[in-house]
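Heavy atoms only: backbone and side chains are in, while hydrogens, waters and symmetry mates are out.
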Amino acid sequence: MLDEALDLFLGSRCVGCDAPGRMLCARCRAGLSTRASVAWPSPVPEGLVTPWATEAYDGAVRALVVGHKDRGQWGHRRVLGELLSRAVLAATADLDPEVPVLLVPVPSRPGAGRQRGYEATTAIVRCAAARVRSGRQVAVAPLVVSRGAADQAGLDAAGRAANVRHSMHCPSALLARVARRRPTAYVVVCDDVVTTGSTAREAQRALEAVGLAPVAVAAVAATQRTARQVTRPVGLGPWRG
């Protein structure tokens with residue numbers, strides 16, 4: 001209700017069809033995908049676990065992501081969280097339902113959260129967790145911290161990979177605290193958009209460096225989609241702290 005009141009007060013328009021009213025009208029929201037699929041980038045970063053995404057990164061979805069991340073339109077987090085939850089559910093559908101799922105947001109660059117006033121990706125992940133929680137145990141754990149990387153805009157796949165290489169780590173204090181609360185869990189790396197997969201792969205590397213092996217990447221959207229069937233990587237099990 002608060003989001004609706006703000007949209008009315010601010011005189012907003014739908015990011016999908018430009019109709020006056022809500023920032024995403026009922027018709028455009030109903031047109032969003034209800035299921036996620038495997039979304040491999042091209043080329044695929046070596047060792048990247050299976051990435052899942054619910055939407056293509058264009059049109060209304062792109063406007064939602066950009067508005068939420070860069071324009072302070074925090075009300076979009078619920079729609080984006082709903083889309084992300086579908087990717088998480090698809091990524092974990094074949095896993096033991098008795099084992100909790102740990103959602104690890106990809107971190108922002110240092111200072112980005114302070115500039116925005118909130119951690120955009122973490123906000124989306126928390127909304128997704130609230131939806132997934134009705135079907136299985138799930139928790140959000142910001143285990144990965146960014147040491148700093150340049151803006152990725154305009155970089156190709158090789159440039160993005162070089163830019164983020166070894167730019168993330170897992171502080172031991174955070175790791176120990178989560179391990180006490182969740183001694184066993186499946187780890188899923190979460191992001192808003194999979195572009196080249198470099199950022200998700202770096203977050204995966206940081207987790208693997210401390211003994212955590214993510215089972216999948218889940219995202220709201222992907223810039224490319226591939227319909228080919230893939231085999232889930234062998235040997236990926238739950239984290240046992």
Audit row: Trp52, Thr92, side-chain contact (heavy atoms from CB on, under 4.5 Å) steps and yes/no: CA-CA 10 Å; Trp52 294 80; Thr92 58; over 6 Å; no
Close side-chain approach of Leu32 and Leu24, heavy atoms under 4.5 Å: yes
Pro45 to Pro41 - nearest heavy-atom pair and separation: CD-CG, 3.8 Å
Full working for side-chain contact (heavy atoms from CB on, under 4.5 Å) between Cys190 and Val104: CA-CA 6 Å; Cys190 296; Val104 179; over 6 Å; no
Approximate separation, where rounding is to 0.5 Å, of Glu55 CD and Arg62 CZ: 14.5 Å
Side-chain heavy-atom pair Val106, Met168 within 4.5 angstrom cut-off: yes
Evaluation steps, side-chain contact (heavy atoms from CB on, under 4.5 Å), between Val15 and Leu64: CA-CA 7 Å; Val15 298; Leu64 288 169; 3.9 Å; yes
Arg136, CZ atom: more than 12 neighbouring heavy atoms under 6.0 Å: yes
Non-hydrogen atoms of Ala216 and Ala91 that approach each other most closely: CB-CB, 3.7 Å
Pairwise distance CZ(Arg77) to CZ(Arg126) - rounded to 0.5 angstrom: 12.0 Å
Full working for salt bridge (charged side-chain N to carboxylate O under 4.0 Å, His left out) between Arg78 and Glu82: CA-CA 6 Å; Arg78 291 189 178 88; Glu82 182 178 344; over 6 Å; no
Distance-minimising heavy-atom pair for Ala87 and Ala36: CA-CB, 3.5 Å
Crowding at CZ, Arg27 (>12 non-hydrogen neighbours, <6.0 Å): no
Spatial distance of atom CG (Asp192) from atom NE2 (His76) [nearest 0.5 Å]: 13.0 Å
Heavy-atom side-chain contact between Val140 and Leu102 under 4.5 Å: no
Any Trp40 side-chain heavy atom under 4.5 Å of Leu48 side chain: yes
Trace of the side-chain contact (heavy atoms from CB on, under 4.5 Å) decision for Val215 with Val49: CA-CA 6 Å; Val215 296; Val49 292; over 6 Å; no
Rounded distance (nearest 0.5 Å) linking atom CD of Glu119 with atom NZ of Lys69: 11.0 Å
Beyond-backbone contact of Thr54 with Leu84, side-chain heavy atoms, under 4.5 angstrom: no
Beyond-backbone contact of Leu207 with Val144, side-chain heavy atoms, under 4.5 angstrom: yes
Considering all heavy atoms, the nearest Tyr57-Val65 contact: CE1-CB, 3.9 Å
Heavy-atom check, side chain of Thr223 versus side chain of Val193, under 4.5 Å: yes
Arg201 bridged to Glu208 by N-O distance under 4.0 Å: yes
Side-chain donor/acceptor of Glu202 to backbone N/O of His169, under 3.5 Å: no
Side-chain touch Val145/Cys170, heavy atoms, less than 4.5 angstrom: no
Point-to-point distance, once rounded to the nearest 0.5 Å, from SG of Cys14 to CZ of Arg22: 10.0 Å
Criterion side-chain contact (heavy atoms from CB on, under 4.5 Å) against His68, the qualifying member of Leu80, Thr121, Val79: Leu80
From CG (Leu83) to CD1 (Ile124), nearest 0.5 Å: 9.5 Å
Closest non-hydrogen atom pair between Val61 and Ala221, with its separation: CG1-CB, 3.9 Å
